[in-house]
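Beneath this line is the structure, given in structure tokens, with notes to follow.
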Amino acid sequence: MELEDWLIDIIVCPKCRASLRADDAASELVCTGCALAYPVRDNIPVLLVDEARQS
């Protein structure tokens with residue numbers, strides 16, 4: 001997963017608006033608030049609550 005640090009700093013969880021942290025091993029962005037894990041496909045974050053899984 002190759003996301004720029006500035007991008008991770010500005011995007012937030014669409015459900016609870018908390019910050020996201022990168023999980024490179026799983027290719028996901030994990031919410032620090034509600035713990036939803038959003039997939040990253042082809043280096044593009046899929047920030048849809050319906051696509052997220054509970055981590």
Side-chain angles (χ1 to χ4, degrees):
M1 184 169 77
E2 297 178 21
L3 294 177
E4 299 287 332
D5 289 334
W6 65 267
L7 179 63
I8 295 173
D9 289 341
I10 62 171
I11 57 176
V12 296
C13 175
K15 182 176 180 184
C16 71
R17 305 286 186 221
S19 62
L20 299 171
R21 66 172 175 79
D23 182 355
D24 290 326
S27 293
E28 294 177 329
L29 294 174
V30 181
C31 177
T32 59
C34 65
L36 285 178
Y38 297 93
V40 177
R41 297 185 186 123
D42 297 324
N43 292 324
I44 300 170
V46 181
L47 298 175
L48 300 171
V49 176
D50 293 341
E51 293 282 328
R53 68 172 185 83
Q54 192 67 41
S55 64

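By convention here, the first residue in the shown sequence is residue 1.
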Check this for me: D42, atom CG, are more than 12 non-hydrogen atoms of other residues, nucleotides or ligands nearer than 6.0 Å?
no

ILVMFWY cluster, I11 and L36 together (side-chain gap under 4.5 Å):
yes

Please determine whether residues I8 and W6 belong to a single hydrophobic cluster, defined as Ile, Leu, Val, Met, Phe, Trp and Tyr linked transitively by side-chain heavy-atom distances below 4.5 Å.
yes

Look at the side-chain heavy atoms of Ile, Leu, Val, Met, Phe, Trp and Tyr, link any pair under 4.5 Å apart, and say whether L7 and L48 land in one connected group.
no

Does atom CG of D24 have more than 12 heavy-atom neighbours from other groups under 6.0 Å away?
yes

A18 and T32 have their tightest heavy-atom pair at CB-OG1, 4.0 Å

Hey, what do you get for CG (D9) to CG (L20), rounding to the nearest 0.5 Å?
10.5 Å

Are Y38 and V49 packed together at the side-chain level, in the sense that at least one heavy-atom pair is separated by less than 4.5 angstrom?
yes

Of all heavy-atom pairs linking P39 and R41, the shortest is CG-NH2, 3.8 Å

Taking atom CZ of R17 and atom SG of C31, what is their separation to the nearest 0.5 Å?
11.0 Å

E51 versus V46, closest heavy-atom pair with distance:
CG-CG1, 3.8 Å

If Ile, Leu, Val, Met, Phe, Trp and Tyr residues are connected whenever their side-chain heavy atoms lie under 4.5 Å apart, and connections chain through other members, are L47 and I44 in the same group?
no

Of all the heavy-atom pairs spanning S55 and A37, show the shortest one and how long it is.
CB-CB, 4.2 Å

Nearest heavy atoms of M1 and L29, plus distance in Å:
CE-CD2, 4.5 Å

